[in-house]
K.L.:
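Could you have a look at this structure, given as structure tokens, before my questions?
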Number of protein chains: 2
Amino acid sequence: MSDQPQRRDANEISKSILQTTESLFSQYGVGNVSMHQIAKAANVGQGTMYRRYANKGDLCLELMSENFHALQEHMLQSLAELKAEPVKVRMQALFKLHLKFLEKHTQLFETIHSYITCTNTTKPFYEKAPYIFLHQTIRSLLEEAIESKESRPINADFTAHTLIASMNPKIYNFLRQKNGYSAKEVIENVNKTLLEPLFIEKK
Amino acid sequence: MSDQPQRRDANEISKSILQTTESLFSQYGVGNVSMHQIAKAANVGQGTMYRRYANKGDLCLELMSENFHALQEHMLQSLAELKAEPVKVRMQALFKLHLKFLEKHTQLFETIHSYITCTNTTKPFYEKAPYIFLHQTIRSLLEEAIESKESRPINADFTAHTLIASMNPKIYNFLRQKNGYSAKEVIENVNKTLLEPLFIEKK
DNA sequence: TTGACAATCGGACAATTGTCCGCTAATATT
DNA sequence: AATATTAGCGGACAATTGTCCGATTGTCAA
């Protein structure tokens with residue numbers, strides 16, 4: 001057995017990369033770990049890294065894919081449970097889950113956003129699965145609200161995009177840290193100023 | 001006289017850098033010009049570049065500083081003219097100016113946002129003058145609306161931040177290009193879905 | 001088991017950003 | 001006008017991202 005590691009099958013390597021990444025990230029922080037560093041630590045060439053993950057954002061996205069799926073199921077389940085409730089209630093529940101997720105995965109999420117948003121080598125974040133899911137879900141809720149007159153006839157597609165934009169990871173962290181809002185205050189303000197006004201008061 | 005350029009005073013050099021930048025940007029596009037390239041073309045060392053402009057975003061910000069000032073004056077003037085109008089009208093006027101500005105300076109603005117938002121070497125965009133001005137202005141308008149009961153008692157500071165976030169350059173360009181909204185449609189939708197709902201109907 | 005072929009690895013390389021320090025040029029002092 | 005002093009210039013350098021192609025390894029056929 002040489003000190004040169006044997007070639008494993010693709011799956012093994014992917015797993016190795018992700019494990020190494022997770023370990024290095026938690027040890028040194030997401031921002032202080034380079035792709036080469038990960039490659040070296042995982043005994044993988046740089047070409048291999050980049051063939052699998054076009055950039056750090058993609059790598060983070062992959063690292064979080066389980067979390068994203070869990071979030072999506074959580075959202076769908078929550079919406080199903082609240083099926084009988086007004087759309088407003090469901091929308092607020094949806095955003096609460098989204099914000100809790102942001103809160104929990106702050107660092108990784110902000111990194112994902114940075115690298116994917118600011119790199120031209122990858123599909124923009126708007127075309128990634130997590131964004132598309134969230135947008136579609138919000139849009140559906142809005143369309144239902146418009147249909148049932150719980151909301152004025154607005155452009156559901158457009159509104160869904162702007163709602164998500166108003167709570168992107170950067171602004172969320174800014175509000176939380178530099179501006180001193182607590183996680184709870186953010187949720188409350190989102191409910192009050194972004195969501196409530198979209199719906200018509202039922203007397 | 002040697003082929004080594006003589007040292008000019010600081011002002012001259014700044015002007016030279018900015019002129020060169022403008023020329024190269026318009027010739028090759030903002031994204032295809034590197035800081036070193038600019039430094040070389042302007043006959044300036046890299047150290048000099050970076051001492052003056054911490055990164056490309058800062059450079060762009062400087063390039064656009066005149067435009068920003070013009071925009072701010074335009075906004076203040078417009079708000080003064082509409083002083084007698086309801087806050088809603090003034091807010092809509094403000095956003096119209098903001099969106100027109102975004103439309104006009106798309107490329108530079110997106111670059112500014114990218115570099116400033118994704119670089120840790122600089123103050124975040126939220127601490128830059130143009131952002132602060134816009135936020136303060138929106139916040140004041142909201143506070144006035146709350147005072148005069150044109151709006152429910154919401155958190156003006158928070159709302160101003162999220163309003164700006166919902167119309168950041170990235171999302172604007174995405175809506176305009178990938179999503180096929182016209183500049184006019186964006187303005188209309190912003191009025192209808194972001195601004196209108198904040199205000200209370202006066203009968 | 002062996003040889004050929006294809007998949008894919010991985011290090012060298014180019015490009016870009018940002019830093020550092022020796023040296024030059026502008027100013028002040030006499 | 002000559003020299004000392006200091007601001008600040010600018011090229012060499014380090015770090016990081018992303019690319020490319022020669023080399024290696026696994027697989028399949030005979």
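Values below: every heavy atom of this structure, side chains too, minus hydrogens, waters and symmetry copies. Convention: sequence-line order gives letters A, B, ...; per-chain numbering from 1.
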K.L.:
Grab the CE-C1' distance between Met49(A) and dC20(D) for me, whole Å please.
P.N.:
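Rounding to the nearest Å, CE of Met49(A) and C1' of dC20(D) are 17 Å apart.
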K.L.:
I need the NZ-P distance between Lys40(B) and dG11(D), as an integer number of Å.
P.N.:
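For the pair Lys40(B) NZ and dG11(D) P, the rounded distance is 10 Å.
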K.L.:
According to ring pair (Phe, Tyr, Trp, His ring centres under 6.0 Å), who are the partners of Tyr126(B), at least two apart in sequence or on a separate chain?
P.N.:
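Here the qualifying residues are Phe174(A), Tyr131(B).
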K.L.:
Got a sec: does the CD of Glu127(B) have more than 12 other heavy atoms crowding it under 6.0 Å?
P.N.:
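For Glu127(B), atom CD is crowded (more than 12 foreign heavy atoms under 6.0 Å).
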K.L.:
Between P on dG18(C) and CG on Leu59(B), what's the gap in Å once rounded to a whole number?
P.N.:
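It works out to 11 Å between those atoms.
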K.L.:
Keeping to residues at least two apart or across chains, list the salt bridge (charged side-chain N to carboxylate O under 4.0 Å, His left out) pairs with something in residues 128-143 of chain B.
P.N.:
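Matches after skipping sequence neighbours: Asp58(B)-Lys128(B), Arg139(B)-Glu143(B).
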K.L.:
With the threshold set at under 4.0 Å for non-hydrogen atoms, list the residues of residues 20-30 of chain A touching DNA chain D in residue-number order.
P.N.:
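By residue number: none to list.
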K.L.:
For the backbone of Gln19(B) and the side chain of Ser23(B), can you confirm whether one donor and one acceptor N or O come within less than 3.5 Å of each other?
P.N.:
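No; judged by distance alone, with no hydrogens or angles, the pair does not exist.
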K.L.:
Can you find a side-chain donor-acceptor pair between Asn179(A) and His161(B) that sits under 3.5 Å?
P.N.:
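Yes, side-chain donor-acceptor contact under 3.5 Å.
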K.L.:
Show which side-chain atoms of residues 27-35 of chain A pair as donor or acceptor with protein atoms under 3.5 Å away, not counting sequence neighbours.
P.N.:
residue, atom, partner, partner atom, Å
Asn32(A), ND2, Tyr28(A), O, 2.9
Ser34(A), OG, Gln37(A), N, 3.1

K.L.:
Donor-acceptor pairs are to be reported for all side-chain atoms of residues 70-85 of chain B against protein atoms at under 3.5 Å, with residues two or more places apart or in another chain.
P.N.:
residue, atom, partner, partner atom, Å
Gln77(B), NE2, Glu81(B), OE2, 3.2

K.L.:
Using the closest heavy atom to pick a nucleotide of DNA chain D for each, name whichever of Arg51(B) or Gly47(A) lands nearer the 5' end.
P.N.:
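Per heavy-atom nearest nucleotide, the more 5' residue is Arg51(B).
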K.L.:
Verify whether the ring centers belonging to Tyr181(B) and Tyr172(B) lie closer than 6.0 Å.
P.N.:
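So the answer is no for these two rings.
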K.L.:
What protein N or O atoms touch nucleotides 13-17 of chain C N or O atoms at under 3.5 angstrom, if any, and at what distances?
P.N.:
residue, atom, partner, partner atom, Å
dT17(C), OP2, Met35(B), N, 3.1

